[in-house]
Engineer: 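Structure incoming, see below.
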Number of protein chains: 2
Amino acid sequence: MAQATERLQRYLEDELGACRTEDVEQRLDELSTLETALEVEQVTTELDVLSSLANETRYTLVRVLVGAQEELCVCELHAVVDVTESGLSHALSQLVDAGLVTGRKDGRWKKYRATNRAITLITVLEGSVSDE
Amino acid sequence: MAQATERLQRYLEDELGACRTEDVEQRLDELSTLETALEVEQVTTELDVLSSLANETRYTLVRVLVGAQEELCVCELHAVVDVTESGLSHALSQLVDAGLVTGRKDGRWKKYRATNRAITLITVLEGSVSDE
DNA sequence: CTAGCATATGAGAACTTAGTCATATAATAC
DNA sequence: GTATTATATGACTAAGTTCTCATATGCTAG
């Protein structure tokens with residue numbers, strides 16, 4: 001980190017014209033404040049949500065559930081993804097953990113529904129990618 | 001898929017009371033419509049965006065850039081993540097590819113800035129995770 | 001209460017990714 | 001020009017992820 005700090009010092013000298021050790025300290029402080037603006041726990045949750053969506057199988061499941069606007073049975077979801085039933089189960093349980101879908105047992109069938117979190121995220125992501 | 005289709009048939013019988021082969025066909029059709037509602041290319045882009053964000057190093061970089069509301073030098077970004085300069089470069093170039101940040105050369109320094117896409121996504125994600 | 005069906009879970013093989021070191025490029029200072 | 005500094009790229013390894021098969025659980029129909 002020593003070398004990196006020296007570089008930051010040279011950069012600040014370049015930008016500000018002059019730069020003392022305190023200026024570097026202060027800048028490091030500001031940067032660290034930006035980095036820790038969020039609770040570690042919240043960032044962890046956000047990363048879980050992102051990782052859960054960042055996979056073709058799981059993303060397809062969420063897109064379909066959001067599009068359906070109703071709960072769908074596992075056996076219906078099986079028709080839209082190309083994995084075994086076991087793989088489908090794993091995918092759905094990861095999505096439940098990330099708070100993107102909820103599951104409900106209905107007799108011998110199990111039905112899943114997209115959460116508001118999933119609806120919001122998918123909607124915004126699709127919007128941000130389509131109008132570029 | 002044959003076995004899966006049989007299950008879907010049993011499910012629809014259970015739900016609708018009756019179910020002919022055409023009903024199964026129609027449901028499969030509806031599901032496939034949901035799945036292909038988006039262009040393959042757009043889904044690919046969306047998955048790229050999600051995968052790029054779904055990593056602690058890259059997510060931190062984007063969060064900091066969004067929070068900073070201004071461009072930051074690579075040497076400043078180096079202070080907030082725990083990787084080598086090389087790793088930082090790799091991370092930033094993946095973020096550029098995903099359209100989440102843009103880079104600009106300024107003399108011997110290189111500065112990065114969050115794109116609107118990044119700002120929107122981070123804002124919505126943080127909102128959706130904090131109010132649960 | 002047993003058999004069969006729907007879904008879940010665990011362990012492990014195949015693939016993917018993140019980071020590192022070595023090296024390349026490109027700007028500046030001398 | 002050459003040396004130095006800032007960042008990028010390529011090749012590789014370690015670690016992580018995503019599936020699959022085997023097996024478990026828990027309904028329900030008979």
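Lettering follows sequence order; numbering is per chain, from 1.
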Engineer: Please report, rounded to the nearest Å, how far the C1' atom of dT17(D) is from the CD atom of Glu56(A).
Structural biologist: 15 Å
Engineer: If you take all heavy atoms of Leu34(A) and Gly67(B), which pair is closest and at what distance?
Structural biologist: CD2-C, 3.5 Å
Engineer: If we only count heavy atoms from C-beta on, is the Arg27(B) to Leu12(B) side-chain gap below 4.5 Å?
Structural biologist: yes
Engineer: Find the distance Arg104(B):CZ to dA27(C):P and express it as a whole number of Å.
Structural biologist: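 To the nearest whole Å, that distance equals 14 Å.
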Engineer: Starting at atom CG of Leu8(A), determine the distance to atom C1' of dT5(D), rounded to an integer number of angstrom.
Structural biologist: 15 Å
Engineer: Could you give the CG-to-P distance, from Asp14(B) to dC27(D), as a whole number of Å?
Structural biologist: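 Spelled out: CG on Asp14(B) to P on dC27(D) is 16 Å.
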Engineer: Dump every N/O contact between nucleotides 14-18 of chain C and the protein below 3.5 Å, one line per pair.
Structural biologist:
| residue | atom | partner | partner atom | Å |
| --- | --- | --- | --- | --- |
| dA18(C) | OP1 | Arg58(B) | NH1 | 3.1 |
| dA18(C) | OP1 | Arg58(B) | NH2 | 2.4 |
| dA18(C) | OP2 | Arg58(B) | NH1 | 3.3 |

Engineer: Does any part of the side chain of Leu61(A), heavy atoms only, come nearer than 4.5 Å to the side chain of Tyr112(A), both counted from C-beta?
Structural biologist: no
Engineer: Hey, is the main chain of Leu8(B) close enough, under 3.5 Å, to the side chain of His78(A) for a donor-acceptor pair?
Structural biologist: no
Engineer: When every nucleotide of nucleotides 3-12 of chain C is labelled 5' to 3' by its protein contacts under 4.0 Å (heavy atoms), B for base, S for sugar-phosphate only, - for none, what sequence of letters results?
Structural biologist: --SSBBBBB-
Engineer: Mind calculating the distance between CD (Glu13(A)) and P (dA6(D)) to the nearest angstrom?
Structural biologist: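 Interatomic distance, CD of Glu13(A) to P of dA6(D): 11 Å.
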Engineer: Do NZ/NE/NH1/NH2 and the carboxylate oxygens of Arg7(B) and Glu76(A) come within less than 4.0 Å?
Structural biologist: no
Engineer: Take atom CG of Asp82(B) and atom C1' of dG19(C), then tell me their distance rounded to the nearest Å.
Structural biologist: 11 Å
Engineer: For Asp82(B), does the CG atom sit with more than 12 other heavy atoms under 6.0 Å from it, leaving out its own atoms?
Structural biologist: no
Engineer: Send over the distance from Gln9(A) CD to dA6(D) P, rounded to a whole Å.
Structural biologist: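 Gln9(A) atom CD is separated from dA6(D) atom P by 12 Å.
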Engineer: Charged N to carboxylate O under 4.0 angstrom, Glu70(A) versus Arg113(A)?
Structural biologist: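 Salt bridge absent between Glu70(A) and Arg113(A).
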Engineer: Assign each of Ala91(A) and Gly107(A) to its nearest nucleotide of DNA chain D by heavy atoms, then name whichever residue's nucleotide is nearer the 5' end.
Structural biologist: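 Its nearest nucleotide being more 5', the pick is Ala91(A).
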Engineer: Taking NZ, NE, NH1 and NH2 as the nitrogens, is one of them in Lys111(B) or Glu15(A) under 4.0 Å from a carboxylate oxygen of the other?
Structural biologist: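 Salt bridge flag = yes for Glu15(A) with Lys111(B).
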Engineer: Under the ring pair (Phe, Tyr, Trp, His ring centres under 6.0 Å) definition, can you give me all pairs with a residue in residues 4-46 of chain B, not counting sequence neighbours?
Structural biologist: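 Those involving residues 4-46 of chain B are Trp109(A)-Tyr11(B).
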